[in-house]
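Just so it is clear, the model here is predicted, and its values are computed rather than measured. Along the sequence shown, residues are numbered consecutively beginning with 1. Both counts, for ligands and for their atoms, begin at 1 and track the order of listing.
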Amino acid sequence: MTPAGAWLCWASLLLLSRPSQSCPLGCDCFVHEVFCSDDKLAVIPPDIPPDTTDLVFVETAFTEVAPWAFGGSPNLTKLVFLNTQLRSFRPDAFVGLSQLRDLEVTGSTFNLSGNTFANLTSLGQLTLSFDKLYSLPKDLFLGLDTLESLQLQGNQLRTLPWGIFRSLRRLKSLNLGQNHLEWLPGGLLHPLSGLRFLRLSDNQLSQGLPRGIFATLRSLEELFLDSSALRELPPELFSGLFRLERLWLQHNAISHLPPTVFSDLGSLTSLSLQGNALRTLPADLFTHTPHLLSLSLSHNQLVTIAEGAFTNLSSLVSLTLSHNAIVQLPAGVFRDLQGLVKLYLGSNNLTALPPGLFHNLSSLELLNLSQNQLSTLPEGLFSTNHNLFNLALHGNPWQCDCHLAWLSSWLHVWSDPLLHINAYCAGPAYLRGQLMPSLKEEQLVCPASGHLGLDHRVVGGGWGSEAEDKAAWSRCTYSNAEGTVVLSCDEAQCRWLSVQLSPRQGEGFLDMRPNATQGWDLRSSCGSVRVTVSIEPLAAGP
Ligand SMILES: *[C@@H]1O[C@H](CO)[C@@H](O)[C@H](O)[C@H]1NC(C)=O
Ligand SMILES: *[C@@H]1O[C@H](CO)[C@@H](O)[C@H](O)[C@H]1NC(C)=O
Ligand SMILES: *[C@@H]1O[C@H](CO)[C@@H](O)[C@H](O)[C@H]1NC(C)=O
Ligand SMILES: *[C@@H]1O[C@H](CO)[C@@H](O)[C@H](O)[C@H]1NC(C)=O
Ligand SMILES: *[C@@H]1O[C@H](CO)[C@@H](O)[C@H](O)[C@H]1NC(C)=O
Ligand SMILES: *[C@@H]1O[C@H](CO)[C@@H](O)[C@H](O)[C@H]1NC(C)=O
Ligand SMILES: *[C@@H]1O[C@H](CO)[C@@H](O)[C@H](O)[C@H]1NC(C)=O
Ligand SMILES: *[C@@H]1O[C@H](CO)[C@@H](O)[C@H](O)[C@H]1NC(C)=O
């Protein structure tokens, strides 16, 4: 809790309870609780009520804790120093506090000597955070057999002495984050066989972690190694971590992974490798982590992913591959991901997708294809994704022609209209800049390129029923050679005419002024037609 938060909390207690007995100057006393926040408090008050269990100092002025300072409060269970001027604990400072469970010193600048905490035989939680500690004596935690939580984050530790944790067999949580750790002795963590949470985030471990440093942590459930300048991981680094569920490796400089590095992590549910320098993934990297639910590989340099990379990840719910350099994906790469709900492929270099790429993803709800180089998508790409409703398509050079007609229909039926509003057409010329989802299916045509005489009667084609075939064959799309004038007709009538006038010079657009008339011969393989357009100003009226 922040000092301000703590103060508010205690201030609200003030309203609930009345001071019960004499209270030291500069402090507020409640039932078993004393709160001192006077910045003129130059010594620890000798008259703290003897039945006090919780004692908190905030922004006080005293600089040391004298021997036997709390000898008169044998029932203290919680002692907190927040942002005080404390600089040292004298020997025997904590003598007599055999009931103390929780000791916190946050936001001070002080040095610690060897046996400062030796008499705290019931201590369960020790917090020494943001105290500018730059080293710790080897015997500092000796005898703290009952300690379960040790929080040392936000100091200036560069390393730790071998053996410093040798008494801490009951420790469950260790936080060494936000220090300057460069190097750790190999056996440092070996005594911590009961450890469940270990945080080493925000350090400078560019020299790497010693082989086997985590080898005995058989109970570890969560390991934070993010933002620690790691360049590589020894192949056996995570060996034996059979209970590990969450592993955070984001924001390092890891450029390759040993193929078996995760192979003991059968309990892993969450893995982040975001923001590293991976170019490839070894085959079988994830075959022994079948319980993974969330995997992030975003912000790496992956160019492609091997076909078998995600086999065995049938429980995976979220897969993030965005912000890489992926150019293409093998058709079967997502084949085993039956449980996948969210798939992020945005900000890559994808130019085309195989037609069956998402076919096994029956649980897929969100698919992000934004910021790629896709100009079209194969018809039926989402035909088995019956739960897909959130599709991000913006930032691609969509070619809005007959090949995307199916997508336009699909979007109208299935997708949330608010989510793909930025999918603009890059072509053909007469639709450039239009919102693809707002186009009607009959606008998504393949203009005849006249001189080539291509069969462009593909609108509505490809579904095979006789009636549909007939409808398709009875529709004709005529266009000029530049594709700037397009007319779409069926047997009964012409339904749609597009004339693209010149927004820019020199791109083959037409230039028409008021009072002008212009005609074009349009061709299709059904034949040719002539279209004439005139522009006449009308008399100004009411
Ligand atoms: C400390 O707690 C014990 C047990 O609750 C109680 O009997 C004793 O009176 C307390 N001591 C003081 C000084 O209040
Ligand atoms: C802690 O010890 C170092 C080196 O002995 C010294 O430079 C520093 O001033 C000390 N800090 C305090 C708060 O006593
Ligand atoms: C406090 O701890 C020190 C070092 O372990 C020990 O010598 C001393 O006897 C203890 N004092 C009390 C009162 O428990
Ligand atoms: C896939 O996971 C299962 C356990 O769920 C395991 O038995 C099997 O060996 C794994 N497959 C491969 C190819 O490793
Ligand atoms: C995408 O490919 C182009 C051309 O190969 C290349 O210039 C560009 O850097 C690539 N972009 C990414 C994000 O890899
Ligand atoms: C989709 O990906 C793009 C680019 O990677 C990102 O900017 C956008 O926020 C993502 N949208 C969703 C809904 O995740
Ligand atoms: C996934 O796809 C393969 C072929 O690509 C198929 O054999 C398999 O049955 C599919 N699995 C599921 C669960 O749909
Ligand atoms: C357009 O044509 C009308 C009638 O033919 C004529 O009255 C008008 O002056 C013309 N306007 C321009 C700008 O040429």
note = For Val80, the side-chain contact (heavy atoms from CB on, under 4.5 Å) test, sequence neighbours excluded, returns Val56, Lys78, Leu82, Glu104

query = Relative to each other, are the rings of Trp406 and Phe382 parallel, tilted or perpendicular (30° and 60° limits)?
reply = tilted

request  = For the pair Phe62 and Phe81, name the ring-plane relationship: parallel under 30°, tilted 30 to 60°, perpendicular over 60°.
outcome  =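 Geometry flag for Phe81 against Phe62: perpendicular rings.
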
query = Any N or O of His394 that comes nearer than 3.5 Å to an N or O of ligand 6?
reply = no

query = Below 3.5 angstrom, do we get any N/O pair linking Ser370 and ligand 6?
reply =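 Such a contact does not occur with ligand 6.
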
message = Could you tell me if the side chain of Leu278 sits less than 4.5 Å from the side chain of Leu302, heavy atoms only?
response = yes

Ligand-residue contact atoms, ligand 6 with [X], heavy atoms, under 4.0 Å:
| X | result |
| --- | --- |
| Ser347 | 4 (C), 5 (O) |
| His323 | 5 (O) |
| Asn368 | 1 (C), 2 (O), 3 (C), 8 (C), 10 (C), 11 (N), 12 (C), 14 (O) |

Starting from the N and O atoms of ligand 1, find every protein N or O within less than 3.5 Å and list the pair with its distance.
| unit_1 | atom_1 | unit_2 | atom_2 | d |
| --- | --- | --- | --- | --- |
| ligand 1 | 2 (O) | Asn75 | ND2 | 2.2 |
| ligand 1 | 11 (N) | Asn75 | ND2 | 3.0 |

query = Centre of Phe224's six-membered ring, under 6.0 Å away, within 45 degrees of the axis: is that where NZ or CZ of Arg199 sits?
reply = yes

key: Polar side-chain atom of Thr53 near backbone of His32 as donor-acceptor pair, under 3.5 Å   =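 Answer holds: yes.
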
Qualifying residues under salt bridge (charged side-chain N to carboxylate O under 4.0 Å, His left out), relative to Arg169, sequence neighbours excluded = none

Test salt bridge (charged side-chain N to carboxylate O under 4.0 Å, His left out) applied to Glu221 - qualifying residues, sequence neighbours left out =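 Only Arg196 meet the salt bridge (charged side-chain N to carboxylate O under 4.0 Å, His left out) criterion with Glu221.
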
